[in-house]
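The figures that follow rest on heavy atoms only: side chains count, while hydrogens, waters and symmetry mates do not.
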Amino acid sequence: MTSWTLENSRFSADIAQAGGELTRLWDKRRGVNALWTATPKVWNSSAPQLFPVVGRLIHQGLWLGERFCALPAHGFLRHQPFQCLEHTHDRLRLEASATPQTLAVWPYRWRVQISFELEEEGLSVSQRVVNDDDTTFAYSLGWHPGLALPVSSRAGWCVDFGPGPVAGPYYTRDRTLTVPDIQPLLHRFALTETTFQGGAVYFRVCEGQQIAVRGPDGTQVVKVETVHYPWLALWGIPGEDLLCIEPLAGTTDAPDFDGQAAGKRGMQRLLAGQQETFRTRLRFAVDA
């Protein structure tokens with residue numbers, strides 16, 4: 001099997017074995033695929049899983065003390081095969097784990113379990129990281145879903161944050177991120193034709209936030225509940241009807257980052273034998 005399908009009264013979803021990637025989220029009531037369809041030469045993904053790093057690595061990897069680990073941007077999980085642990089009509093739990101190939105570039109024994117559950121208003125997703133090694137490791141984690149929204153075709157979209165304000169926006173440059181000492185707080189962020197000309201836009205203090213995407217008439221189209229993720233990135237491609245809303249535990253590199261994993265911004269630490277779970281939810285309006 002190369003993919004699994006979930007279905008309930010409103011949605012059907014396809015999840016690929018390769019990378020544990022959600023590739024389709026069909027909304028029966030609206031008759032649309034809520035996800036971006038992977039498109040070569042534009043963005044050839046739909047909703048990749050990110051681990052053990054997030055974003056660009058300016059040194060093409062990380063240093064663990066004196067050992068250099070060559071890692072790709074966003075890590076290697078999106079290229080790993082997943083195995084099915086549980087599959088019902090509306091719920092799927094998958095797992096990937098360390099292999100000789102991943103141990104060669106990142107010397108830790110790990111497991112990542114991804115759970116998808118369809119609900120009446122959308123989809124809940126959880127990412128669980130398990131440390132099967134005998135030592136603590138540092139990692140970053142994230143989910144990179146792309147939503148098919150007419151953000152380029154129609155002007156006037158915005159993103160609302162609540163219940164509390166978030167810190168940001170922090171604009172990337174050449175896929176690197178500088179976070180200033182003074183951190184502005186905001187509840188609303190306007191999307192314009194120039195928003196993503198420099199790349200992704202980051203926000204922090206995002207745990208437990210509800211991120212509402214509103215169309216030009218103010219109608220809420222989709223809501224993302226970050227639950228456990230401290231960072232959020234928005235990303236799109238100028239001229240394309242694509243909006244990525246990325247809950248993240250970690251960020252892309254700072255432009256002056258020295259490459260040592262211990263100092264990489266946003267890295268999480270997981271003790272030997274321990275595990276940590278991050279959850280997020282997508283909620284879609286019926287008539288948007």
Given the rule that I, L, V, M, F, W and Y join up when any side-chain heavy atoms are under 4.5 Å apart, are Leu77 and Leu248 in one cluster? no
Between the side chains of Thr23 and Asp14, is a donor N or O closer than 3.5 angstrom to an acceptor N or O? no
Other members of the hydrophobic cluster containing Ile182, with the 4.5 Å side-chain heavy-atom rule, please. none
Non-hydrogen atoms of Phe82 and Val112 that approach each other most closely: CE2-O, 3.8 Å
So, does Thr88 use its side chain to make a donor-acceptor pair with the main chain of Arg91 at under 3.5 Å? yes
Short side-chain to backbone donor-acceptor contact, Asp27 and Val32, under 3.5 Å: no
Inter- and intrachain pairs under salt bridge (charged side-chain N to carboxylate O under 4.0 Å, His left out), touching residues 56-70, at least two apart: Arg56-Asp174
Quick one: pull up CG in Leu64 and CZ in Phe137 and give me the separation to the nearest 0.5 Å. 11.5 Å
Where is the tightest heavy-atom contact between Pro72 and Leu57, given as atom of each residue plus distance? O-CD1, 3.9 Å
So, the side chain of Thr226 versus the backbone of Pro247: is there a donor-acceptor pair under 3.5 Å, distance only? no
Given Leu271, which partner from the list Thr136, Asp133, Thr135 fulfils the side-chain contact (heavy atoms from CB on, under 4.5 Å) test? Thr136
Looking only at the side chains, is there a donor atom on one of Ser126 and Arg279 sitting less than 3.5 Å from an acceptor on the other? no
Just how far is it from atom CG of Leu123 to atom CZ of Phe284, taken to the nearest 0.5 Å? 7.5 Å
Can you tell me if Trp143 uses its side chain to pair, donor with acceptor, with the backbone of Ala47 under 3.5 Å? yes
Glu121: side-chain contact (heavy atoms from CB on, under 4.5 Å) partners, not counting sequence neighbours: Arg283
Hey, what do you get for CG (Asp160) to CZ (Arg188), rounding to the nearest 0.5 Å? 4.0 Å
Looking only at atom types and distance, does a side-chain atom of Gln80 sit under 3.5 Å from a main-chain N or O of Phe76, one as donor and one as acceptor? yes
Less than 3.5 Å apart, any donor N or O on the side chain of Ser124 or Glu119 sitting next to an acceptor on the other? yes
Phe51: partners by ring-ring contact (aromatic ring centres under 6.0 Å, His included), with sequence neighbours left out: Trp106, Trp110, Tyr139
List in chain and number order the residues that pass side-chain contact (heavy atoms from CB on, under 4.5 Å) with Ser9, two or more places apart in sequence or in another chain; answer none if no residue qualifies. Glu120
Using distance alone, with no hydrogens and no angle criterion, decide if Arg175 and Thr252 have a side-chain donor and acceptor under 3.5 Å apart. no
Would you please test Ser97 and Arg111 for side-chain hydrogen bond (donor to acceptor under 3.5 Å, both in side chains) and show each step? CA-CA 4 Å; Ser97 58; Arg111 280 180 289 141; over 6 Å; no
Quick check: closest heavy atoms across Gly20 and Phe116, and the distance to 0.1 Å? O-CZ, 3.4 Å
Could you check Leu232 against Gln209 for side chain to side chain contact (heavy atoms under 4.5 Å, CB included), going step by step and ending with a plain yes or no? CA-CA 10 Å; Leu232 183 98; Gln209 294 286 351; over 6 Å; no
Cluster question for you: counting only ILVMFWY and a side-chain heavy-atom cut-off of under 4.5 Å, with indirect links fine, are Trp157 and Leu242 together? no
Within the side chain of Asp90, is there an N or O that forms a donor-acceptor pair under 3.5 Å with the backbone of Glu7? no
My understanding is that only residues two or more places apart in sequence, or in another chain, count here; which of them pass side-chain hydrogen bond (donor to acceptor under 3.5 Å, both in side chains) with Thr99? Gln101
Measure from the side-chain N and O atoms of Gln210 to the backbone N and O of Lys223, and report whether any donor-acceptor pair falls under 3.5 Å. no
How far apart are the closest heavy atoms of Ala70 and Val105, and which atoms are they? O-CB, 3.5 Å
Co-membership, hydrophobic cluster, residues Leu22 and Leu243, 4.5 Å side-chain: yes
Rounded distance [0.5 Å steps], CD1 in Ile15 versus OG in Ser3: 8.5 Å
If I take atom CD from residue Glu246 and atom CG from residue Leu50, how far apart are they, to the nearest 0.5 angstrom? 7.0 Å
For Phe161, all residues meeting ring-ring contact (aromatic ring centres under 6.0 Å, His included), sequence neighbours excluded: Phe203
Could you check whether Asp241 and Ser153, counting side-chain N and O atoms only, form a donor-acceptor pair closer than 3.5 Å? yes
Looking only at heavy atoms, the pair that brings Gly75 and Pro52 closest together is CA-CD, 4.0 Å
For Gln83 and Gln17, run side chain to side chain contact (heavy atoms under 4.5 Å, CB included): C-alpha distance rounded to whole Å, both residues' side-chain angles, the deciding distance at 0.1 Å, then the answer. CA-CA 7 Å; Gln83 304 302 315; Gln17 182 183 41; 4.0 Å; yes
Between Thr176 and Ala254, is there a donor-acceptor pair closer than 3.5 Å when you use the side chain of the first and the backbone of the second? no
Within 45 degrees of the axis of the six-membered ring of Phe257 and under 6.0 Å from its centre: does Lys264 put its NZ or CZ there? yes
side-chain hydrogen bond (donor to acceptor under 3.5 Å, both in side chains) against Thr178, all qualifying residues, sequence neighbours excluded: none
Applying ring-ring contact (aromatic ring centres under 6.0 Å, His included), name anything that partners His144, two or more places apart in sequence or on another chain. Trp43, His74, Trp235
Gln260 side chain to Gly65 main-chain N or O, any donor-acceptor pair under 3.5 Å? yes
Please identify which of these residues, Glu86, Glu95, Gln275, meets the side chain to side chain donor-acceptor pair (under 3.5 Å) condition with Gln113. Glu95
Of all the heavy-atom pairs spanning Gly250 and Val54, show the shortest one and how long it is. O-CG1, 3.9 Å
Phe278: ring-ring contact (aromatic ring centres under 6.0 Å, His included) partners, not counting sequence neighbours: Tyr229
Side chains of Glu21 and Gln49: is there a donor and an acceptor less than 3.5 Å apart? no
What residue pairs, at least two apart or across chains, pass side-chain hydrogen bond (donor to acceptor under 3.5 Å, both in side chains) with a residue in residues 195-204? Thr192-Thr195
Identify whether Trp26 and Val222 are in the same connected component of the hydrophobic contact network (ILVMFWY, side-chain heavy atoms under 4.5 Å). no
Within the 3.5 Å criterion, strictly below it, is a donor on Thr37 or Arg24 matched to an acceptor on the partner's side chain? no
Evaluate side chain to side chain contact (heavy atoms under 4.5 Å, CB included) for Arg109 paired with Leu103, printing each intermediate quantity in order. CA-CA 7 Å; Arg109 296 189 299 276; Leu103 287 167; 4.2 Å; yes
Is Val129 linked to Leu62 within one hydrophobic cluster, defined over Ile, Leu, Val, Met, Phe, Trp and Tyr using a side-chain heavy-atom separation of less than 4.5 Å? yes
Please round to the nearest 0.5 Å and tell me the distance separating atom OH of Tyr108 and atom OG1 of Thr102. 12.5 Å
Qualifying residues under side-chain contact (heavy atoms from CB on, under 4.5 Å), relative to Cys84, sequence neighbours excluded: Trp4, His87, Leu92, Leu94
